[in-house]
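Letters A, B, ... mirror the listed sequences (proteins, then strands); counts begin at 1.
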Amino acid sequence: MQARRILVIVVVFIAAVSAVLSFYLLEREETRRVAAERVVVVSFSGPIMETRPLGMTGAITPQDVRRALSTIADDRSIDAVVMRIDTSGGSVAASQEISSMVEDFHLPVVVSMADMAASGGYYIAAASDGIVAHPGTMTGSIGVILTVMNLEGLYEKLGIDVEVIKSGEHKDMMQRALTEEERGILQELSDEAYGQFVDHVAESRDMDPARVRELATGEIFMGSQAYEHGLVDELGGEEEAIQLAGEVAGLNDPERYELPSPSPFQLLHWLAVDARSALSGLLLPEEMRWIEMFEEYIYPRINY
Amino acid sequence: MMEKVLDWLYGVLVSPSEVFRRLSEEQPVRPAGLLLLLLAVLTSAAGPFDVTEEFLGIEIPRVWMFLGSAIGTFVGSVALMGAVFAVSAVFGGTGGFAGMFSAVAFAQFPAMFGVPAGLLSRVPGAAAIGGLLSFGVGMWTFILSVIALRESRELSTGMSVLSYVTAALAFIIVVAVMVVVALLPML
């Protein structure tokens, strides 16, 4: 009888000691994890746009960047971020939104340019704490392009008779051929966006605005040329970007870190949000989807 | 009383049916509750804290997370027992909650072996063995829980298993509904 009771006491004792050891090991593991000098690399590729059209996979949206940065912010072990970008540019507003997120992020962010990081891609990169590009990367293209689609001929071909009742003289300017005055209006819009781009690069890169204007002809530069012009900080790839991010963050020996998979609850939330927009697109009759598509082009698109 | 508790704990390991019958008759609710609490504390100390350490922007010290986990585990265990009691009543179970609680709480004793098994899984190279042992302990505890329910509520083994499965499913459904309701404003 005594032996049995001693056995039970021994079992409880072993469990208690194991629990204390586990707690201590967990603490030590967490301390080591937080003390590790980690630089996370996140990649974004595709055109920059506000929302991803139904069925499109490659695109850079503010939502994508926000999710990635939010996941990074929750991980105390990460000390710096390398953002690998591969884009030819895109929406002005989306570029500005992403650029703000990069600028305001509490950790150092270094941009590593892939094949191409031009126009809107450069707008985003300029806001970072450092830019690394391959000598063969295509970058620059600092400028604005505004496209207006004149659908008059198409409507005529389809036998669609459009009647316009408008309140202002220029309200229907996107649905017919532009007048000279209207071209001037849109040119002003374009110039305004161009000015914003130049000011942003001048301020973020600490460059003379006049010098930026000289470079901002819309010309594409190779990485090596951009480096000579001061638009890029270093020539190299991801490894160099990690080292630069480590320097900016004051790390001695930065290590590459892969972003962990989102938690099941996070995935469930994202799935619910994405499924809602996908479902609403699928439930639309085909004619409505065509009209939605045309509406994308009726209004001018101003892109970096 | 202490000697009795030790004898019962030993009996759970070697002759569970007889011990659970006695426990459901004698109904030592307080020692059963304390055992459940001790297990909650030990398993929480050994468990990972993967949940975010921030709540509403406030960083929560790990000690508080551990305490929260221990209390949550204890309350969750009691709540699950309540659900199992209700479901087993539908399946024709007899006897009161105190008897069932006492028996089922003591049936969790083998979970003590899960704590060193969990520690072993943190040792490099022994993770697989630790994992296997933890799984074995889990199965053992479940089987004893079924036997405890069977003896305390005078059900068949099959009905006891069904009671646990149904109660667990009901739990999962309730949690899923709560998650969906919580996510609804974000959709």
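Looking at A:Gln243 and A:Val132, their side chains never come closer than 4.5 Å, going by heavy atoms from C-beta outward.
Heavy-atom pairs under 4.5 Å with chain B were tallied for A:Val8, A:Val20, A:Ile14; the largest tally goes to A:Val8.
Of the atoms belonging to A:Leu21, heavy atoms from both backbone and side chain fall under 4.5 Å from chain B. Using a 4.5 Å cut-off between heavy atoms, A:Val12 touches chain B through backbone and side chain atoms alike. If you measure heavy-atom distances from B:Leu38 to chain A, the contacts under 4.5 Å come from the side chain alone.
By the 4.0 Å N-to-carboxylate-O rule, B:Glu25 lies too far from B:Arg21 to be salt-bridged with it. Ion pair A:Arg4/B:Asp7 not flagged as a salt bridge, since none of the NZ, NE, NH1 or NH2 atoms sits closer than 4.0 Å to an Asp/Glu carboxylate oxygen.
Around atom CD of B:Glu154, no more than 12 heavy atoms belonging to other residues, nucleotides or ligands sit under 6.0 Å away.
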